[in-house]
K.L.:
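Got a structure for you, written out below as structure tokens; questions coming shortly.
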Amino acid sequence: MTDQQLALQAVSEAQRILEEYLQPRPQNSERRILDQLVEVLERPDLVVAVGRLQQRSSL
């Protein structure tokens with residue numbers, strides 16, 4: 001998977017999680033939803049891919 005594909009997949013997952021977060025629900029699920037979001041955005045392959053994308057964009 002390319003860096004761009006990894007980043008797009010993570011953004012899509014993050015958007016889905018945030019949409020879930022914005023839905024009415026019991027408050028105790030907020031932490032679970034935020035944990036899911038952090039899990040998506042801190043995946044090692046994504047962190048590396050975003051770092052490479054940032055390096056390329058600054059050239």
Side-chain angles (χ1 to χ4, degrees):
M1 190 176 285
T2 67
D3 292 344
Q4 290 88 350
Q5 290 170 322
L6 281 169
L8 288 173
Q9 180 184 11
V11 168
S12 293
E13 287 180 50
Q15 287 173 326
R16 179 190 55 78
I17 292 166
L18 288 172
E19 286 172 9
E20 181 182 343
Y21 176 76
L22 294 173
Q23 297 300 315
R25 71 215 163 301
Q27 286 188 319
N28 61 353
S29 66
E30 285 184 18
R31 179 63 187 196
R32 180 186 58 82
I33 292 169
L34 293 175
D35 286 345
Q36 286 178 328
L37 184 57
V38 169
E39 184 178 317
V40 166
L41 296 176
E42 289 188 346
R43 286 194 315 240
D45 58 345
L46 177 63
V47 171
V48 170
V50 169
R52 286 191 297 249
L53 289 169
Q54 288 174 328
Q55 282 182 330
R56 287 185 217 145
S57 71
S58 67
L59 295 177

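What you are looking at is a predicted structure, and each value in this text was computed from that prediction instead of being measured. The first residue of the sequence shown is numbered 1, and numbering continues consecutively from there.
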K.L.:
Roughly how far apart are I33 CD1 and R16 CZ, rounded to 0.5 Å?
P.N.:
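Rounded to the nearest 0.5 Å, the CD1-CZ separation comes out at 10.0 Å.
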
K.L.:
L53 versus R56: any side-chain heavy-atom pair under 4.5 Å?
P.N.:
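The answer is yes, as the side chains (C-beta and beyond) meet within the 4.5 Å cut-off.
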
K.L.:
Is L41 reachable from L18 through a run of I, L, V, M, F, W or Y residues, each pair having side-chain heavy atoms under 4.5 Å apart?
P.N.:
yes

K.L.:
Got a sec: does the CD of Q4 have more than 12 other heavy atoms crowding it under 6.0 Å?
P.N.:
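Atom CD in Q4 is packed in, count exceeds 12.
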
K.L.:
Nearest 0.5 angstrom please: D35 CG to E42 CD, how far?
P.N.:
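If I round to the nearest 0.5 Å, the distance is 10.0 Å.
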
K.L.:
Counting C-beta onward and ignoring hydrogens, is there a side-chain heavy-atom pair between M1 and D45 closer than 4.5 Å?
P.N.:
no

K.L.:
Kindly work out whether a path of hydrophobic side-chain contacts (I/L/V/M/F/W/Y, heavy atoms less than 4.5 Å apart) joins V48 to L6.
P.N.:
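Hydrophobic grouping puts V48 apart from L6.
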
K.L.:
Looking only at heavy atoms, which two atoms of A10 and L46 are closest? And how far apart?
P.N.:
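What the structure gives for the nearest pair is CB-CD2, 3.3 Å.
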
K.L.:
Assigning hydrophobic clusters by single linkage (Ile, Leu, Val, Met, Phe, Trp, Tyr; side-chain heavy-atom cutoff under 4.5 Å), is L22 placed with V11?
P.N.:
no

K.L.:
Taking the side chain as every heavy atom from C-beta outward, state whether E39 and E13 have any atom pair closer than 4.5 Å.
P.N.:
no

K.L.:
Calculate, to the nearest 0.5 Å, the distance between atoms CZ and CG belonging to R52 and D3 respectively.
P.N.:
4.0 Å

